[in-house]
Amino acid sequence: MRAQPPHPHPHRWNFDLTRDAWAFERQIKAWVRGQGVPKALTADQMKYGGHTETAYLADIGLALVQAYIVSLTGRDPEPPQAT
């Protein structure tokens with residue numbers, strides 16, 4: 001029996017409407033920056049922009065981010081889907 005590789009998105013929240021996902025994303029990015037977490041990449045390191053959306057997880061921690069998202073959305077992440 002082979003061990004399964006880790007799921008690429010183990011912490012995922014699904015939304016019925018794209019605009020809802022975007023609204024939460026904006027709130028989460030603002031909160032991360034409010035925690036003093038700097039951008040992980042510069043504009044010239046990103047092919048299509050988006051550098052303002054980057055952060056190193058080591059600078060804030062997965063548990064803290066997940067707890068914030070749960071408090072914001074009122075629900076836990078979706079379980080990974082079998083591939």
Side-chain angles (χ1 to χ4, degrees):
M1 177 185 269
R2 281 180 34 195
Q4 292 293 321
H7 191 275
H9 304 287
H11 304 282
R12 180 185 184 109
W13 284 260
N14 294 313
F15 296 90
D16 292 332
L17 300 174
T18 302
R19 70 173 178 246
D20 293 341
W22 285 342
F24 280 110
E25 180 184 34
R26 281 192 305 275
Q27 289 177 291
I28 294 162
K29 288 186 295 189
W31 176 80
V32 167
R33 294 292 173 244
Q35 301 299 303
V37 177
K39 298 172 193 167
L41 301 172
T42 62
D44 58 329
Q45 290 174 300
M46 296 289 289
K47 187 173 182 177
Y48 298 108
H51 66 285
T52 60
E53 300 176 6
T54 64
Y56 288 118
L57 191 55
D59 288 344
I60 191 164
L62 179 60
L64 184 59
V65 173
Q66 183 171 337
Y68 177 72
I69 296 170
V70 168
S71 74
L72 192 62
T73 63
R75 57 191 170 97
D76 289 325
E78 307 289 331
Q81 300 293 319
T83 55

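What you see is a predicted model, and the numbers here were worked out from it, not measured in a lab.
Under the 4.5 Å side-chain contact rule for hydrophobic residues, L62 and W31 share a cluster. Residue I60 is not grouped with residue Y56 when hydrophobic side chains (ILVMFWY) are merged at heavy-atom distances under 4.5 angstrom, including chains of intermediate members. Connection of F15 to V65 is established within a shared hydrophobic cluster, with ILVMFWY side chains joined at heavy-atom distances below 4.5 Å, either directly or through further cluster members.
In this structure, W13 and V70 have side chains that are in contact, with non-hydrogen atoms separated by less than 4.5 Å.
Minimum heavy-atom separation, T54 to A40: OG1-N, 3.1 Å.
Residues forming a side-chain hydrogen bond (donor to acceptor under 3.5 Å, both in side chains) with Q35 (at least two apart in sequence, or on another chain): none. Residues satisfying the salt bridge (charged side-chain N to carboxylate O under 4.0 Å, His left out) criterion with R19, sequence neighbours excluded, are absent altogether. Legend: residues meeting side chain to side chain contact (heavy atoms under 4.5 Å, CB included) with L72, ordered by chain and number and at least two apart, are F24, Q27, I28, Y68. With sequence neighbours left out, the side-chain hydrogen bond (donor to acceptor under 3.5 Å, both in side chains) criterion links N14 to R12.
Counting only residues at least two apart or on different chains, the salt bridge (Lys or Arg N to Asp or Glu O under 4.0 Å) pairs with a member in residues 58-77 are R75-E78. For the salt bridge (Lys or Arg N to Asp or Glu O under 4.0 Å) condition, no pair includes a residue of residues 61-73, sequence neighbours left out.
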